[in-house]
Amino acid sequence: MPELPEVEAVKRGLNQLVLGKTIKDIQIYWPRIITTDLALDQWVALLQGQRIEAMDRRGKYILFILSQDTLVSHLRMEGKYLFYPANQLPINKEKHTHVRFIFTDGNELHYHDVRKFGRIQLLDGHDVSPYFQAKGLGPEPLSNEFQLADFRWGLAGSSRSIKPLLLDQSLVVGLGNIYVDEVLFLAQIHPLKPANQLTESESKALFEAIGRILAQAVEAGGSTIRTYRNSLGEAGKFQQDLKVYGQAGRPCPRCGTELVKIRVQQRGTHYCPSCQHL
DNA sequence: AATCGTACCTGGCTGC
DNA sequence: TGCAGCCAGGTACGAT
């Protein structure tokens, strides 16, 4: 489901809902959601008594900064967090709730995921950089660690098509299938153009488009295409501003040519065949 | 080493 | 109505 703007919205919602709460117990209904070498009851025991001190985000990963450790959560395609005050707990948990965090005040946070792709992992301590470094995650696009010179260097070093390269989170984190199409449209670059064939001005336009689109989408609370909701149950608004994603057959807002949809490495890919250049 | 296909899952929609 | 087939905001892993 979510890309950087949606994950940021979920994180901000959780920041309002669960900060300062202490984990009393955790019920796990689909064990594969939890990535651990431990037996699940031992894993839960590590978390019991820890307090949520802060919420953070790295790329599309949500971080629960706990008293001692860090809980890392990736929503993948359909993960959601549902918060229930103690006096509004569901009689029966929803069908797709796979993990229930029960707090000492009786409130609960449920991890809900129709496709069960999401993952939750506990990292020792608070220094999470080795974990993300091992995954090869690139810089945060909305921070000053994202630099044009590095970005250009990364593009020049790959003959892959630009879209799959941007999706792999190594040059920059946070783009997924919606925003990569939007960014390439704004920068007027064909999704199949080899990264090392981008001109200097295209590279710069792409760099700037990434920052602009993601910042606007964060501002709008993300995009709700199918089922996305933040943890307060609110939909995003940026879907109204999408120029090409889901718009195949409609006229290009820039030149009027009919937008098309193709498949690039199994992902639906939307673009304008006349103003995005190979 | 880098890049690609496939697996992981369920449900909604389309078309026969 | 029923059902097969395709599609969906992502990543990990094995094959090439």
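Here the structure is a predicted model, which means the values were calculated and not measured. All heavy atoms count here, side chains included; hydrogens, waters and symmetry mates do not. Proteins come first, then strands; the chains are lettered A, B, ... in the order of their sequence lines, and each starts at number 1.
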key: Between P of C:dG5 and CD of A:Q266, the distance in whole Å   = 18 Å

query = Nearest to the side chain of A:V114 - B:dG11, B:dC4, C:dG10?
reply = B:dG11

request  = Ignoring backbone atoms, establish whether A:K163 has a side-chain N or O less than 4.0 Å from OP1 or OP2 of B:dC4.
outcome  = no

key: Atom P, compared across C:dC3 and B:dC9: separation rounded to whole Å   = 24 Å

ask   = Choosing from B:dC9, C:dT11, B:dT10, which nucleotide comes nearest the side chain of A:R267?
value = C:dT11

request  = Specify the separation, in whole Å, of atom CG of A:L167 and atom C1' of C:dA12.
outcome  = 15 Å

note = A:L171 atom CG is separated from B:dA2 atom P, nearest whole Å, by 12 Å

Joint cluster assignment, A:L167 & A:F185, ILVMFWY side-chain distance < 4.5 Å = no

query = Picking from C:dG10, B:dT3, B:dG11, which would you name as closest to the side chain of A:H96?
reply = B:dG11

query = What's the NZ-P distance between A:K80 and B:dG11, to the nearest Å?
reply = 12 Å

query = With hydrophobic residues grouped by side-chain heavy-atom distances under 4.5 Å, do A:V72 and A:L122 end up in a single group?
reply = no

message = Quick check for you: among C:dG10, B:dT3, C:dA8, whose closest atom lies nearest to any side-chain atom of A:K261?
response = C:dA8

task = Compare the aromatic ring of A:F117 with the six-membered base ring of B:dC9 and state whether they stack according to the 5.5 Å and 30° rule.
result = no

request  = Grab the NE2-C1' distance between A:H112 and B:dT10 for me, whole Å please.
outcome  = 11 Å

key: Presence of A:S170 side-chain N/O under 4.0 Å of B:dA2 phosphate oxygens OP1/OP2   = no

query = Does A:F146 belong to the same Ile/Leu/Val/Met/Phe/Trp/Tyr cluster as A:L142, with side-chain heavy atoms less than 4.5 Å apart forming each link?
reply = yes

message = Measuring from the side chain of A:K135 (C-beta onward, heavy atoms only), which nucleotide among C:dT11, C:dA8, C:dA12 has the closest atom?
response = C:dA12

task = For B:dC9, give its Watson-Crick or G-U wobble partner with both distances under 3.5 Å, or none.
result = none

inquiry  = I want to check one thing: is the phosphate of B:dT3, taken as OP1 and OP2, less than 4.0 Å away from some side-chain N or O of A:S158?
reply    = yes

ask   = If you look at every strand shown and take non-hydrogen atoms under 4.0 Å, does A:Y61 touch a base, only sugar-phosphate, or nothing?
value = sugar-phosphate

message = Is A:R76 close enough to C:dA8 that one of its side-chain N or O atoms is under 4.0 Å from OP1 or OP2 there?
response = no

note = Picking from B:dC9, C:dT11, B:dG5, the nucleotide nearest the side-chain atoms of A:Q265 would be B:dG5

query = Rounded to whole angstroms, how far apart are NE2 on A:H74 and P on C:dT11?
reply = 4 Å

ask   = A:D113 CG to B:dT10 P: how many Å, rounded?
value = 10 Å

query = What about the rings of A:Y29 and A:H98, do their centers lie closer together than 6.0 Å?
reply = no

message = What's A:R32 touching, base or sugar-phosphate or nothing? Going by heavy atoms closer than 4.0 Å.
response = sugar-phosphate

A:K116, nearest nucleotide to its side chain (from B:dC9, B:dT6, C:dG10) = B:dC9

request  = Quick one: sort the A:H112 and A:H96 rings into parallel, tilted or perpendicular, breaks at 30° and 60°.
outcome  = perpendicular

inquiry  = Could you tell me how far apart A:R115 (CZ) and B:dC9 (C1') are, to the nearest whole angstrom?
reply    = 6 Å

A:L123 and A:D69, any side-chain heavy atoms less than 4.5 Å apart = no

query = Can you tell me how far C1' in C:dT11 sits from the matching atom in B:dG12, rounded to whole Å?
reply = 23 Å

message = Using the side-chain heavy atoms of A:Q169, tell me which of these nucleotides is nearest: B:dT6, B:dC4, C:dT11.
response = C:dT11

